[in-house]
Enquirer: 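Handing you a structure now.
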Amino acid sequence: MHYLNLLPQADHQKVQALLQEKAQWLALGKKGVDRFRLSHESVQHIRAKRYDFSGDVVKIGGADELSDQDRKKVYKAMRDYMPWRKGPFNIFGIEIDAEWRSERKWNRILPELPDLQGKIVADIGCNNGYYMFRMAHHKPKLVVGFEPYLQHYFTFKTLNSFAGKENLACELLGVEHIGLFKESFDVVFLMGILYHRSSPIEALREIRTAMKPGGILLVESQGIPGTKPVALFPEKRYAKVPGTYFVPTGACLANWLSRAGFAQVQIFFSHQMSSQEQRRTEWMVFESYEDFIDSREPTLTREGYPAPIRIFARAEIPS
Ligand SMILES: C[S@@+](CC[C@H](N)C(=O)[O-])C[C@H]1O[C@@H](n2cnc3c(N)ncnc32)[C@H](O)[C@@H]1O
């Protein structure tokens, strides 16, 4: 059964047309696509006998499950998907230490995690699916990941072809397509996305239309310290990252959520970012947090802006 059948209010015609367009593009044999598609296909015959999504490390398959030849193929495919931004993973015994210690973010979410059992969930900007696997441990009916970048999309597809979780789906779609999924989701995760939107309120309003009455939104965002409801708008880059628009304080994020029509808005956690949590590893060999921050004044970014904090919020759609 296609998962869209679990989303009766979604605009099936438009979603199917978009997905077909993406599928046709993937089939064109372009270099940029085939780079990842061929890695995916090289390990398509492999299925894991076991997985474990209950702990900090997402584990799929055991080292004892593969022949030497298949182990080499899996290792090569995993290296082809570098740089790994989110993790950690253990894939058939291969330890993948990603740039981000994503388990820390998940552990901060856990105290506020609604009961996911039997729920329809969206993970917007799901990257390689690290959090989707962690969600799968809580027995949702379906998790749909929205991820427009090929590298992450194919990484997830490959990991899930090993794990075979039929209630996890990822599409090459973005938050800008969420409005096509009218009243579809019980729980939406929006982590690491809002400050990349030039219109954060519009994004939140559209997300609201995709949620069922009584639905819960969990937001995690980069932010700046302070108690006033203001957002930083960097001239070009923030912490060296282009495409960063509004970086809010906690109070500002709470106001965005309220003014976008959400109820019961709460900021439930915030913390200073650090190079313990985001760093260069063997699986991500480029610049990382310590390169983004002023080496003499760690409260400032390289551009002289306040160094980032991370803010966690929860909000509801009235029933
Ligand atoms: C900063 S990462 C956050 C990943 C993950 N949600 C987390 O919190 O660790 C942003 C993710 O959003 C994806 N992304 C980029 N453009 C997007 C869009 N228009 N809609 C949804 N996701 C997008 C990126 O490819 C990336 O995986």
Side-chain angles (χ1 to χ4, degrees), residues 15 18 22 32 36 56 58 81-89 96-110 112-113 121-135 143-157 159 168-181 185 187-200 202-204 206-207 210 217-223 237-247 253 269-271 273 277-279 281 283-284 286-289 292 308-314:
V15 174
L18 257 174
K22 304 276 174 191
F36 299 118
D56 288 350
V58 166
Y81 293 136
M82 281 175 66
W84 285 71
R85 301 284 176 189
K86 314 296 166 184
F89 289 92
I96 300 176
D97 185 13
E99 177 187 18
W100 282 78
R101 302 271 313 269
S102 308
E103 81 283 6
R104 293 189 175 195
K105 192 185 289 193
W106 187 247
N107 288 335
R108 293 178 188 119
I109 292 274
L110 271 182
E112 293 295 327
L113 189 73
V121 180
D123 184 6
I124 301 178
C126 64
N127 201 268
N128 59 24
Y130 174 85
Y131 301 106
M132 291 171 69
F133 291 115
R134 300 300 306 270
M135 290 167 204
V143 183
V144 183
F146 290 75
E147 178 50 67
Y149 279 81
L150 275 175
Q151 175 201 355
H152 309 317
Y153 168 79
F154 275 114
T155 310
F156 170 78
K157 255 175 99 77
L159 297 178
L168 304 183
C170 176
E171 300 292 6
L172 275 172
L173 300 177
V175 62
E176 57 276 23
H177 302 113
I178 195 78
L180 297 175
F181 294 81
F185 300 107
V187 182
V188 173
F189 291 84
L190 183 71
M191 305 190 290
I193 303 296
L194 261 188
Y195 47 90
H196 286 308
R197 303 309 297 169
S198 56
S199 302
E202 282 313 310
L204 289 171
E206 279 214 75
I207 290 168
L217 173 67
L218 287 159
V219 181
E220 188 268 354
S221 178
Q222 185 160 245
R237 289 163 186 252
Y238 176 71
K240 287 201 178 175
V241 180
T244 305
Y245 294 92
F246 299 92
V247 190
L253 176 60
F269 196 78
S270 66
H271 68 95
M273 254 318 283
E277 188 149 344
Q278 185 190 9
R279 73 277 192 259
T281 70
W283 293 83
M284 199 302 289
F286 303 112
E287 287 192 323
S288 192
Y289 189 75
F292 305 152
I309 60 169
R310 307 292 303 195
I311 306 169
F312 293 70
R314 183 188 191 279

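The model shown is predicted, which means the values in this text are computed figures rather than measured ones. Numbering of ligands and ligand atoms starts at 1, following listing order.
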Enquirer: For atom 27 (O) of ligand 1, find the nearest protein heavy atom and state the residue, atom name and distance (0.1 Å precision).
Expert: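 Going by distance alone, atom 27 (O) of ligand 1 is nearest to Glu147 OE1, 2.6 Å.
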Enquirer: Got the closest protein heavy atom to atom 23 (C) of ligand 1, with its distance?
Expert: Pro148 CD, 3.5 Å
Enquirer: Taking N or O atoms only and a 3.5 Å limit, does Ile193 qualify as a polar contact for ligand 1?
Expert: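 Among all N and O atoms of Ile193, none is under 3.5 Å from an N or O of ligand 1.
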Enquirer: Against heavy atoms of His152, which atoms of ligand 1 measure under 4.0 Å?
Expert: 25 (O), 27 (O)
Enquirer: Any donor-acceptor pair under 3.5 Å linking the side-chain atoms of Arg108 with those of His271?
Expert: yes
Enquirer: How does Met191 reach ligand 1, if at all, at less than 4.0 Å between non-hydrogen atoms: by side chain, backbone, both, or neither?
Expert: both
Enquirer: N/O of Tyr195 under 3.5 Å from N/O of ligand 1, yes or no?
Expert: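 No, there is no polar N/O contact under 3.5 Å.
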Enquirer: Test your reading of the structure: does Asp123 have an N or O sitting under 3.5 Å from an N or O of ligand 1?
Expert: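 In this structure, Asp123 places no N or O atom under 3.5 Å from an N or O of ligand 1.
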Enquirer: For atom 15 (C) of ligand 1, find the nearest protein heavy atom and state the residue, atom name and distance (0.1 Å precision).
Expert: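 Minimum-distance protein heavy atom for atom 15 (C) of ligand 1 reads Tyr149 CE1, 3.5 Å.
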Enquirer: For atom 1 (C) of ligand 1, what's the nearest protein heavy-atom neighbour? Residue, atom name and distance, please.
Expert: Gly192 O, 3.3 Å
Enquirer: Calculate, to the nearest 0.5 Å, the distance between atoms CG and CD belonging to Leu194 and Gln222 respectively.
Expert: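 Answer rounded to 0.5 Å: 11.5 Å.
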Enquirer: Which residue and atom name correspond to the protein heavy atom nearest atom 5 (C) of ligand 1, and how close is it?
Expert: Gly125 O, 3.4 Å
Enquirer: With heavy atoms of Asn127 as the reference, note each atom of ligand 1 found under 4.0 Å away.
Expert: 26 (C), 27 (O)
Enquirer: Side chain, backbone, both or neither: which applies to Tyr130 and ligand 1 if a contact is any heavy-atom pair less than 4.0 Å apart?
Expert: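 Within the 4.0 Å criterion, Tyr130 makes no contact with ligand 1.
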Enquirer: Return the residue, atom name and 0.1 Å-rounded distance of the protein heavy atom closest to atom 8 (O) of ligand 1.
Expert: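 Looking only at protein heavy atoms, the one closest to atom 8 (O) of ligand 1 is Lys105 NZ, 2.5 Å.
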Enquirer: Taking Glu277 first and then Arg101, would you say they form a salt bridge - that is, a charged N and a carboxylate O separated by under 4.0 Å?
Expert: no
Enquirer: Which atoms form the tightest heavy-atom contact between Leu253 and Ser221, and what is the distance?
Expert: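 Looking at all heavy atoms of both residues, the closest pair is CD2-CB, 4.4 Å.
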Enquirer: Using every non-hydrogen atom in the two residues, find where Phe156 and Leu168 come nearest and quote the distance to one decimal.
Expert: CZ-CB, 3.9 Å
Enquirer: If the plane angle is over 60° it's perpendicular, under 30° parallel, otherwise tilted; pick one for Phe185 and Phe146.
Expert: perpendicular
Enquirer: Short N/O distance, under 3.5 Å, between Glu220 and ligand 1?
Expert: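 In fact, backbone or side chain, Glu220 has no N or O that close.
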Enquirer: Does the plane of the ring in Phe312 sit parallel, tilted or perpendicular to the ring in Phe269? Use 30° and 60° as the thresholds.
Expert: perpendicular
Enquirer: For atom 21 (C) of ligand 1, what's the nearest protein heavy-atom neighbour? Residue, atom name and distance, please.
Expert: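 The answer is Val175 N, 3.5 Å.
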Enquirer: Within the 4.5 Å heavy-atom criterion, are Val58 and Arg134 side-chain neighbours or not?
Expert: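 A side-chain contact under 4.5 Å exists here.
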Enquirer: Which one holds for Arg310 and ligand 1: side chain close, backbone close, both close, or neither close, with close meaning a heavy atom under 4.0 Å?
Expert: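 For Arg310, there is no contact with ligand 1 at all, from either part.
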Enquirer: Under 6.0 Å between ring centres: does that hold for Trp84 and Phe89?
Expert: yes
Enquirer: Does ligand 1 have a heavy atom under 4.0 Å from the side chain of Glu176, from its backbone, from both, or from neither?
Expert: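 Side chain only.
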Enquirer: Of Gln278, Gln151, Glu99, which meets side-chain hydrogen bond (donor to acceptor under 3.5 Å, both in side chains) against Arg85?
Expert: Glu99
Enquirer: Which residue, Phe154, Tyr149, Tyr153, forms the side chain to side chain contact (heavy atoms under 4.5 Å, CB included) with Phe36?
Expert: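 Looking at Phe154, Tyr149, Tyr153, the match for Phe36 under the side chain to side chain contact (heavy atoms under 4.5 Å, CB included) is Phe154.
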Enquirer: Should you measure from each heavy atom of Arg197, which atoms of ligand 1 turn up under 4.0 Å away?
Expert: 19 (N)
